[in-house]
Amino acid sequence: MNDYELRAYDEIMAWKRKMLKPSSLLNRMSKKVQAKMNGYIPEKVQHAITAAIKGMVQSTLTGSHWITKKNQAAGLSLEEKDRIVTEKLSNYRKTAVVEGAGTGAGGILLGLADFPLLLSIKMKFLFDAASVYGFDTKEYEERIFILQVFKLAFSSDDVRNETLEIIENWETRKQEFMEMDWQEFQQEYRDYLDFAKMLQLMPGIGAAVGAVVNYNLLDRLGETAKNSYRLRLLTALPKWIESSSPKD
């Protein structure tokens, strides 16, 4: 282990502790309200929404695979991989900001178009990150892992804690998750975005809100992806390293 890898491991441990902290009271209350509102949506409508998001995500996964440059990690150290992913995140974040401002300024119709456009930006970033860290996205299990990273970034406390445990133990648990729970996936993502995206549809402030929200969403996804893949790469570290890591 070199010095950079040891620092990266400490950063991962700090990130894990942050991810496991309970959400703010406001976020928890918002989640309860959204769950209650979802209870009023007819089951047929829920199934239709789930099917629509499943189709959207699957088509985005397929498209992202074909346009992602392969073998980006050849001969690179972890430090070099981190630097490349950080640079890519900066570019994707700029794209998301422009897209959010544009659709936010366009009223309700363009605001609704933001959902699939932003989803495609997020998925393309995740495919690029996977490739840079040395994982082959043509493998079905790697695409499922990408969805787990996505879910980890945009979910409530209970689901986030469960998903983090899955990602930590991916090599031993991946066979359990070859089929996604699409109902949970779309519900968590919708609940996470609902309030911010509603503000984006409001006249006068939609452009500013869209830009800020999309920046923050890509930032959160980038941090989650970077640490999830670094965790996989460094998962074989000796136990003494974890026990000697500084605590908050």
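Worth knowing before you read on, the calculation uses all heavy atoms, side chains too, and leaves out hydrogens, waters and symmetry mates. Numbering starts at 1 and runs along the sequence shown.
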If only atom types and distance count, is the side chain of [X] paired as donor or acceptor with the main-chain N or O of [Y] below 3.5 Å?
X      : Y      : value
Glu188 : Ser156 : yes
Ser120 : Leu117 : yes
Glu80  : Ser77  : yes
Tyr140 : Met178 : yes
Asn227 : Glu223 : yes
Ser131 : Phe127 : no
Arg160 : Ala153 : no

Quiz prompt | Check: Phe145 ring centroid to Phe177 ring centroid under 6.0 Å | solution =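 No, they do not, as the ring centres are separated by 6.0 Å or more.
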Measure the spacing between [atom1] of [X] and [atom2] of [Y] and express it to the nearest 0.5 Å.
X      : Y      : atom1 : atom2 : result
Leu76  : Tyr133 : CG    : OH    : 11.0 Å
Thr172 : Ile166 : OG1   : CD1   : 10.5 Å
Asn169 : Thr235 : CG    : OG1   : 7.5 Å
Ile167 : Leu231 : CD1   : CG    : 8.0 Å
Thr95  : Phe125 : OG1   : CZ    : 12.0 Å
Arg7   : Ile12  : CZ    : CD1   : 12.5 Å

Quiz item: Of all heavy-atom pairs between Ala96 and Ile121, which one has the smallest distance, and what is that distance?
Solution: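 Taking Ala96 first and Ile121 second, the nearest heavy atoms are CA-CD1, 4.0 Å.
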Exercise. For Arg83, check side-chain hydrogen bond (donor to acceptor under 3.5 Å, both in side chains) against everything at least two apart and list the hits.
Key: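 Partners of Arg83 by the side-chain hydrogen bond (donor to acceptor under 3.5 Å, both in side chains) criterion, ordered by chain and then number, come out as Glu87.
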Test of understanding: clusters of I, L, V, M, F, W, Y form through side-chain heavy atoms closer than 4.5 Å, transitively. Do [X] and [Y] belong to the same one?
X      : Y      : answer
Val159 : Ile144 : no
Trp182 : Leu119 : yes
Val149 : Trp170 : yes
Leu233 : Leu152 : yes

Quiz item: Around Asn2, counting heavy atoms of other residues, nucleotides and ligands shown, do more than 12 lie under 6.0 Å from its CG?
Solution: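 Above 12, so yes.
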Quiz prompt | Derivation and outcome, side-chain contact (heavy atoms from CB on, under 4.5 Å), residues Glu5 and Glu79 | solution = CA-CA 8 Å; Glu5 290 167 338; Glu79 184 173 7; over 6 Å; no
Is any NZ, NE, NH1 or NH2 atom of the basic residue among [X] and [Y] found under 4.0 Å from an Asp or Glu carboxylate oxygen of the other?
X      : Y      : result
Glu171 : Arg232 : yes
Arg173 : Glu176 : yes
Glu168 : Lys16  : yes

Quiz item: Should Met123 and Phe150 be marked as a side-chain contact (heavy atoms from CB on, under 4.5 Å) after you check the CA-CA gap, both sets of side-chain angles, and the distance that decides it?
Solution: CA-CA 8 Å; Met123 287 297 175; Phe150 189 96; 3.7 Å; yes
Quiz item: Parallel, tilted or perpendicular for Tyr189 and Phe185, by the 30°/60° rule?
Solution: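 Because their plane-to-plane angle lies in the 30° to 60° range, the rings of Tyr189 and Phe185 count as tilted.
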Quiz item: Where do Leu164 and Trp15 land on the side-chain contact (heavy atoms from CB on, under 4.5 Å) test, with the steps shown first?
Solution: CA-CA 11 Å; Leu164 180 57; Trp15 167 74; 3.8 Å; yes
Quiz item: Between Leu78 and Arg230, is a side-chain contact (heavy atoms from CB on, under 4.5 Å) present by the stated rule, with each step listed?
Solution: CA-CA 8 Å; Leu78 179 63; Arg230 294 201 297 179; 4.1 Å; yes
Quiz prompt | side-chain contact (heavy atoms from CB on, under 4.5 Å) against Ser90, all qualifying residues, sequence neighbours excluded | solution =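 Applying side-chain contact (heavy atoms from CB on, under 4.5 Å) to Ser90 gives Arg93, Lys94.
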